[in-house]
Each structure stands twice: as C-alpha cells, then as structure tokens.
Amino acid sequence: MTVASTRPPVRPPRGDGALAALFVAPAMLGFLVFLLWPTLRGVYLSFTRFNLLTPAEWVGLDNYVRMVNDPIFWDSLTVTVEYVAINIAVQTVAALAIAVLLQRLTQSAVLRGIVLTPYLMSNVVAGIVWLWILDTQLGIGNEIVAGLGFDRIPFLADETWAIPTIALINVWRHVGYTALLLFAGLQAIPNDMYEAAKVDGASEGRMFWRITMPLLRPVLAVVLIMTVIGSFQVFDTVAVTTSGGPANATNVLQFYIYGSAFGRFQFGYASAMSVALLVVLSAITFLQYRLTRAGHTDLG
Amino acid sequence: MRIRTVVALTGALALSLATGCAQGGAAGSSADTVTYWLWDANQQPAYQACAKDFERENPGLTVKITQLGWDDYWTKLTAGFIAGTQPDVFTDHIQKFGQFADLKVLEPLDDLGIDDSTYQPGLAANWMGQDGHRYGAPKDWDTVALFYNRKLTTAAGLTAAQLNDLSWNPKDGGTFEKAIAHLTVDKNGKRGDEAGFDKNNVKVYGLATNGGGDGDGQTQWSTFAASAGWTYTNEKRWGTEYQYDSKTFQSVIKWYFGLAKKGYMVPFTDYNSQSNQANTQIASGKAATAFDGAWMISSYAGFKNLDMATAVTPAGPTGKRATMMNGLADSITKDAHNMAGAKKWVAYLASAKCQQTVGSYGIVFPATPDGTKAAVAAYEKKGIDVSAFTRPVAGEKAGGKEFATFSYPITNYAADVYALMHPAMQDIFGNGRSVTSLDRTNSQINLILDQ
C-alpha cells in the first residue's frame with residue numbers, strides 16, 4: 001500500500017458534473033457521428049454489395065473471399081508496406097538526428113521554425129511541387145542530375161524508383177514535425193544527467209546511446225506508432241504524383257480502396273479492404289505499444 | 001442558470017447551422033432555376049451565351065452554370081447523386097454513360113424528339129441505352145489528328161502534302177515510321193534514320209506520347225488499331241466481349257510502343273499525365289509531332305513562338321485512315337429539382353440555334369452540321385486550319401473510301417475495364433511486358449462483363 005492510496009478521493013465540487021458533461025458533449029457527439037457510426041457502418045457494408053445509389057445487398061463473406069483471392073489487393077499491401085518501411089526508417093533516423101542536433105548544438109527558435117517549414121505545406125502542394133522538380137524531361141531536379149553527368153532518372157515513372165521517391169517526398173514534408181516531437185521529448189531529459197556524464201568523461205556518442213536513447217524511448221515509441229499509422233494511410237501524395245502507376249507500382253492500399261469505391265462504385269468491397277486495413281493497423285499498433293513499452297518511462 | 005444559457009446558445013447555433021445547410025442543400029435549385037454543370041472552362045462563355053438567349057425565350061427561367069475541373073467533376077457529381085445535390089443537367093461523357101445508365105441516375109430523354117439525322121453521323125445513336133431509351137442529347141464532337149511543329153518538319157524536308165499522305169503497317173511502320181524516324185534527332189545531330197543514331201540520347205523525338213492509353217487509346221494507339229481493322233468489342237455498341245486478345249491488336253501495340261524502343265517516340269518514363277503530356281512535349285521542343293484531339297486545337301495554336309499545323313492520321317493496312325470520333329452529350333439527372341425546366345434547357349442546348357452560337361466561339365465542334373460550319377469559320381477567322389479534324393467526318397459521310405471514324409467503346413463496367421487496362425498498358429509501354437499479357441487481362445474483363 002502506498003501512501004497515496006490511503007488518501008480520501010478528491011471529490012469534484014457539486015454541480016460541476018453536468019457542466020463537464022456539457023463540455024464533453026460536442027466532442028462525444030463528433031466521436032459518435034464521425035468515428036464510431038462510420039466505422040460500424042463500414043464494417044456492416046463490408047458484408048454487402050453496395051453501389052451507393054441502390055440499397056445494400058447482404059452477401060456475407062463474399063467481399064472477404066474476393067479480397068483474399070485478389071492479387072491486386074496483395075500487391076497493394078506489399079507496396080504499402082514497402083512505402084511504410086522506407087518512410088519510417090528514413091524519417092525516424094533523420095528526425096532523431098535533427099532533434100539531437102537542435103538540442104545539443106543550438107537553442108535558436110528560428111532554426112526550429114525552418115525545420116518545421118515543409119510541414120506547413122499541404123501534402124497535395126508538396127506532391128505537385130516535387131512532381132515538377134522531379135519530372136524526367138523538364139524538372140530542375142533532373143536538370144541537376146543531367147548536369148552532374150548522370151542519366152536522367154525517371155523518379156516517378158519507373159517502378160523501381162516510384163515508391164522510394166514518394167516515401168522521400170513525404171519524409172521531406174514530415175521530418176521537421178517528427179523532429180520537433182522528439183525535440184520536445186529531449187527537452188524533458190534533465191540536463192544534469194548529461195553534466196554528470198560529462199564529468200565522468202563520457203563522449204557525445206556514449207551519452208546519446210546511454211542517456212538520450214533510453215530516456216527518449218517512450219516519446220520515440222509514441223512517435224513511431226503515430227507515424228506508422230499515418231504512413232499506412234498514404235494517399236494524397238500518390239494521387240497527385242503517380243495515380244497508382246506506373247503499372248500499379250505505387251497503388252498503395254488507400255488508393256486501391258478509393259479507386260474501388262469512387263471509381264468502380266464497389267463500396268462493399270472497398271469497405272472490406274478498409275476493415276482489413278483497420279485490423280492490420282490495430283495489430284501493429286498493439287504490438288508496437290507492447291514491444292516498445294510505450295507506457296513506461298525510465299525517468300524516475 | 002449559466003448552463004441553461006449555454007444550452008440555449010448551443011441550440012440556437014445548431015438550429016441556424018441546420019437551416020443554413022438545408023438552404024444550401026438543393027444546390028441553388030428552385031422552380032425557376034435550372035442548374036447546369038460542365039467541366040471545360042474554355043466552353044463556359046459559349047454556353048453562357050446560349051443561356052442568355054434561352055432565358056430571353058423562356059421568361060422566368062434562369063440557368064445557373066457551374067464549371068468544375070475534370071477530376072472534381074465526376075467525384076462531385078457522384079457525391080451529388082447520393083446527397084441529392086446533383087445538378088439538373090450535366091455534360092456527360094460516353095466513358096461514364098454506361099455506368100450512370102446502369103445505376104439508373106439518368107432521366108430518359110425520349111420525349112425531346114431528338115432526330116439522329118439532325119446531327120453528325122453516329123453522335124445521337126451513341127446515347128441510346130440498352131433499354132432502348134435515350135439518355136443524352138448530342139452536344140459536340142471531336143476527332144484526332146497529327147499536330148506538327150512546322151519548323152521541325154520543314155527542317156527535315158517534309159512537306160504538308162507528304163505529312164497528309166502517310167501510311168503505316170505493323171511490319172516496317174511504312175512511310176509514317178520513316179517520317180517520324182527522320183524527324184528524330186539525337187544529341188549529335190544525327191537523325192533517327194541515319195547511321196550512328198544514338199537512340200539513348202535523343203534531343204528531339206519524332207513523336208510525342210500521351211502514355212499507355214488505357215483501354216481506349218484515344219490519342220495513342222486507337223488510330224493505328226482501327227486502321228488495321230480492329231474493333232474494341234464484338235458489337236458496335238454495348239458489346240459483351242472486348243478484343244484485346246486479338247493478334248491484330250497485339251501486333252499493332254507491339255509495333256506502336258516499339259517506336260519508343262527505337263528512340264523515335266517519347267518513352268513512357270518521360271510521360272506524366274499531370275506535368276508532361278504530349279502538348280507539353282511539343283511546347284518544350286522535345287517532340288516534333290503529336291496525336292491529339294480536337295479539344296486541344298486552341299492549346300496547340302496558342303503556343304508562343306511555335307508554328308503548329310495539323311495533318312490527317314496515316315492510312316493503315318485496311319487502306320483507310322481512322323480516327324476516333326467522340327461526342328459529348330447533355331444528360332438530365334433522374335431526380336432533377338426542376339425537371340420541366342431541365343428538359344427545356346437540354347432541348348435548347350441540342351437545338352440548331354444554340355449549336356450555332358457555341359460554334360461561333362471556335363472552341364469546339366458542335367454536333368449539328370451547321371454548328372460545325374460555324375465553328376470551322378470561327379477557327380478560320382483565328383487563322384487555324386482544322387480540316388484535318390473535319391475531313392474524316394466529311395469523308396465518312398461521303399462514302400468512307402478514305403476515312404473511317406469509330407466511337408469510344410460503349411459497354412457496361414467501363415470503370416472496371418479502365419482499372420484493368422490502365423496498368424496493363426503501362427506495364428507493356430513502361431516495363432516492356434509482352435503484349436500477350438493482354439490475353440489474361442482480356443479474359444478478366446470479359447469475365448466481369450459476363451456477370
């Protein structure tokens with residue numbers, strides 16, 4: 001028994017319960033209308049054949065059977081995982097490096113602002129800008145590549161290059177934001193730990209691996225969970241730059257779901273794939289949470 | 001007391017939002033307004049002029065025109081059908097028609113008294129559903145021709161007469177392939193038909209590309225496939241089987257995409273539907289010629305410092321020159337808020353008077369012969385020769401000895417066909433996959449059509 005548990009519970013002042021409920025009500029209403037209801041309806045629709053304009057027709061597990069036998073679905077899942085892997089790996093390492101540099105080398109708010117600049121741009125705008133920069137014939141990026149004496153690179157038109165390119169465009173846009181989240185985590189690490197380590201003669205590298213990384217773990221874990229979920233939902237950059245091409249090489253799952261629903265009016269099948277994505281994401285999030293012990297901190 | 005005030009305020013806000021939404025929900029429709037959507041901003045002034053005349057002839061009726069970009073257009077229309085905020089009348093595309101007919105969101109237009117013979121051949125008939133009802137009133141038409149940069153063709157010693165007399169075949173490409181090979185120049189100044197030509201370092205390509213061309217190849221391979229005698233489906237309209245597995249078709253595709261392998265056509269990797277279409281390749285001087293549609297005439301004519309001209313499509317193994325002739329139509333939505341007004345407006349849009357007005361703007365070829373004449377005159381006034389687009393239509397009418405026009409494939413499940421053919425053609429063009437891979441794609445498509 002700890003001391004805290006023997007204390008009498010603090011009661012909120014009388015009458016505040018109703019006010020609290022009122023303040024929570026709009027958010028709760030939003031949650032019910034825009035999250036819970038669409039989710040439940042999506043799950044229901046995944047068992048139907050539905051084209052939006054005529055009533056949904058119950059087809060049982062047909063959509064799921066089709067999904068399991070659909071090679072394009074599996075291709076899309078593979079492409080998505082490839083994208084997520086590149087995006088997360090590059091983004092996390094780069095963001096961590098930027099955050100540590102920001103913390104250890106500078107306190108400049110201007111630099112922090114500059115790091116965040118790409119994040120202020122919408123994904124669509126970032127996609128269009130990079131589409132032009134990387135255009136094989138006309139892009140300034142390829143002019144530089146050609147100027148350096150290399151062959152022009154079809155960044156978005158070649159199946160080998162397309163997914164890494166899209167992943168790097170998104171890294172460029174999000175890395176500043178991720179770095180700032182990690183930077184906030186770094187700020188929470190007491191400075192005297194570094195000072196004590198320095199007195200003991202620890203190098204910067206040693207301090208990074210022995211102090212920064214262990215103490216940053218909870219923040220890093222949450223950031224990883226958020227970026228993995230966000231990465232699995234990549235859509236706008238693909239829609240703007242490649243539209244899923246060339247030859248389905250960038251047909252990420254979200255794009256395939258969108259095309260099935262709004263292009264082919266197969267809302268039942270699209271719902272089934274969305275449910276599959278929900279299950280995959282839930283499983284990954286749960287695993288990540290457990291493996292990274294995101295709820296625990298090593299700080300005393 | 002305080003809580004009651006908050007509740008009252010929240011209630012008032014919710015009510016005002018709800019009523020506000022309700023007012024906006026009917027997309028601005030009322031008994032005296034007809035809402036009309038189109039996607040081409042260039043055409044809006046012409047239709048605005050039609051609307052002005054229509055309103056004068058029909059006192060009390062107002063036409064509210066909304067223009068949306070191509071992609072947003074179809075998404076918003078779909079959303080509109082669900083939410084009940086769809087327009088009364090909208091510009092319809094043959095590619096989407098089958099699906100809309102299947103979803104039963106279009107109003108039959110049989111009582112408008114549309115007479116097929118009033119319009120250019122084939123335009124009105126394309127809008128008849130499988131149930132025998134009409135769902136679109138003919139609006140305009142377009143064909144495909146070869147745009148060329150006159151400076152580059154002259155430098156290559158090719159005359160307008162030669163370019164209008166090209167022929168091709170899938171074996172050696174004929175005079176067409178010779179011409180585009182000769183127009184191709186590598187970074188050392190060697191032409192495509194000269195010894196020592198470096199196909200990997202091309203400065204100017206003979207032919208621009210518009211990508212793989214999905215299932216229709218309108219501005220890519222359709223002119224070649226059709227002039228080789230191939231047709232998309234087993235029937236002229238509402239076919240039940242596609243024919244992408246035909247040996248003729250596959251030999252055409254192999255030859256056509258092979259032009260890029262030889263270095264004569266812009267490769268797939270240089271194409272981008274958003275940033276680098278055929279017209280951009282021409283404008284940037286990277287290509288000498290491009291197959292493109294009549295809807296692009298003003299764009300090509302507007303290129304600064306470029307002297308553009310057009311030639312008819314090359315004659316194929318059938319001995320004829322072929323071009324897709326596509327036409328748009330105006331359709332009325334089944335739950336139109338102002339059905340009576342919508343029918344009046346569509347009848348007016350399809351009338352000789354409105355088509356003449358639209359033609360006089362020189363932006364598009366209206367569906368009636370007189371409207372077409374007005375458009376040709378308007379283009380001439382601007383100094384643009386459009387005969388490469390009109391000759392196939394006139395030629396077909398006169399007996400079709402030299403020209404054959406054909407329509408977009410009209411079948412059910414067009415969106416599914418697109419979803420399968422789009423990556424399949426990219427795979428062949430971009431990744432060099434064998435044309436025989438189309439056998440499997442074709443079976444998948446026919447299986448869907450067989451449902």
Side-chain angles (χ1 to χ4, degrees), chain A residues 15-16 18-23 25-26 29 49 51-54 71-72 75 127-139 142 146 151-162 239-251 256 258-267, chain B residues 2-4 6-7 10 13-14 71 74-75 78-79 81-83 99-100 102-105 200-201 205 208 211-212 266-276 280-281 283-287 334-335 413-420 422-431 433 437 444 448:
Chain A
D16 280 3
L19 190 63
L22 188 71
F23 281 126
L29 190 70
R49 184 178 295 126
N51 67 17
L52 266 187
L53 297 163
T54 50
I72 303 174
D75 277 355
I128 292 172
V129 168
W130 280 103
L131 174 70
W132 281 98
I133 291 174
L134 300 175
D135 189 282
T136 320
Q137 273 189 354
L138 313 168
N142 256 311
D151 285 341
R152 287 171 183 269
I153 302 169
F155 288 103
L156 293 160
D158 182 275
E159 58 177 356
T160 317
W161 283 94
V240 168
T241 54
T242 60
S243 299
N248 283 344
T250 60
N251 192 21
Y256 187 41
Y258 172 80
S260 301
F262 292 92
R264 303 168 78 175
F265 284 79
Q266 296 172 356
F267 283 83
Chain B
R2 222 178 289 156
I3 290 177
R4 231 178 282 161
V6 174
V7 171
T10 313
L13 181 68
D71 287 333
W74 301 107
T75 314
T78 307
F81 282 131
I82 303 152
Q99 196 169 28
F100 286 142
D102 196 36
L103 292 168
K104 298 188 176 26
V105 292
N200 297 317
N201 286 293
Y205 290 93
V266 174
F268 178 75
T269 47
D270 285 10
Y271 168 78
N272 191 300
S273 63
Q274 314 261 23
S275 61
N276 201 5
T280 315
Q281 294 152 27
S284 63
K286 295 279 181 186
K334 187 136 201 141
D335 296 322
Y413 301 103
D416 297 86
V417 176
Y418 172 85
L420 288 166
H422 179 72
M425 297 309 277
Q426 286 188 338
D427 215 6
I428 296 169
F429 189 9
N431 300 332
R433 196 158 182 215
S437 63
Q444 289 172 319
I448 292 172

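Labels below follow one simple rule: chain letters A, B, ... track the order of the sequence lines, proteins then strands, and each chain is numbered from 1. Keep in mind that what you see is a predicted model, and the values were worked out from it rather than measured. The figures that follow rest on heavy atoms only: side chains count, while hydrogens, waters and symmetry mates do not.
For Thr241(A), the side-chain hydrogen bond (donor to acceptor under 3.5 Å, both in side chains) criterion is met by no residue, not counting sequence neighbours. Take Gln99(B) and apply the side-chain hydrogen bond (donor to acceptor under 3.5 Å, both in side chains) test, not counting sequence neighbours, and it matches no residue.
When heavy atoms are compared at a cutoff of 4.5 Å, Ala239(A) approaches chain B solely by way of its backbone atoms N, CA, C and O. Residue contact with chain B, scored on non-hydrogen atoms closer than 4.5 Å, is absent for Tyr256(A). Contacts of Asn431(B) with chain A are made by side-chain atoms alone, with heavy-atom separations under 4.5 Å and no backbone atom involved. If you measure heavy-atom distances from Asn248(A) to chain B, the contacts under 4.5 Å come from both the backbone and the side chain. For Ser275(B), the parts lying near chain A are the backbone and the side chain together; criterion is any non-hydrogen pair under 4.5 Å.
Here the shortest heavy-atom pairing between Ala415(B) and Gly263(A) reads CB-O, 3.1 Å. For the residue pair Leu53(A) and Leu103(B), the shortest heavy atom distance occurs at CD1-CD1, 3.7 Å.
Rounding to the nearest 0.5 angstrom, the gap separating the CG atom in Asp416(B) from the CZ atom in Phe265(A) is 11.0 Å. Separation of atoms CG (Asn51(A)) and OG1 (Thr78(B)) is listed at 11.0 Å; rounding is to 0.5 Å. From Asn142(A), atom CG reaches atom CG of Asp270(B) across 8.5 Å, with rounding to the nearest 0.5 Å. To the nearest 0.5 Å, atoms OG1 (Thr269(B)) and CG (Leu156(A)) are separated by 11.5 Å. The CZ atom of Phe267(A) lies 5.5 Å from the CD1 atom of Ile82(B); values are rounded to the nearest 0.5 Å. Separation of atoms OG1 (Thr136(A)) and OH (Tyr271(B)) is listed at 12.5 Å; rounding is to 0.5 Å.
When each of Gln281(B), Met425(B), Lys286(B) is scored by its heavy-atom pairs under 4.5 Å with chain A, the top score falls to Lys286(B). Your options are Gly244(A), Gly139(A), Ala247(A), and the one with the most heavy-atom pairs under 4.5 Å with chain B is Ala247(A).
Of the possible polar contacts, none joining the Gln274(B) side chain to the Ile128(A) backbone as a donor-acceptor pair under 3.5 Å is found.
Heavy atoms from other residues, nucleotides or ligands lying under 6.0 Å from CZ of Arg49(A) number 12 at most. Annotation: Trp74(B), atom CH2; neighbour count of heavy atoms from other residues, nucleotides and ligands within 6.0 Å is above 12.
A 4.5 Å side-chain heavy-atom check between Ser284(B) and Leu138(A) finds at least one atom pair inside the cut-off.
For the residue pair Asn272(B) / Gln137(A), no side-chain donor-acceptor distance below 3.5 Å is found, with atom types taken as modelled.
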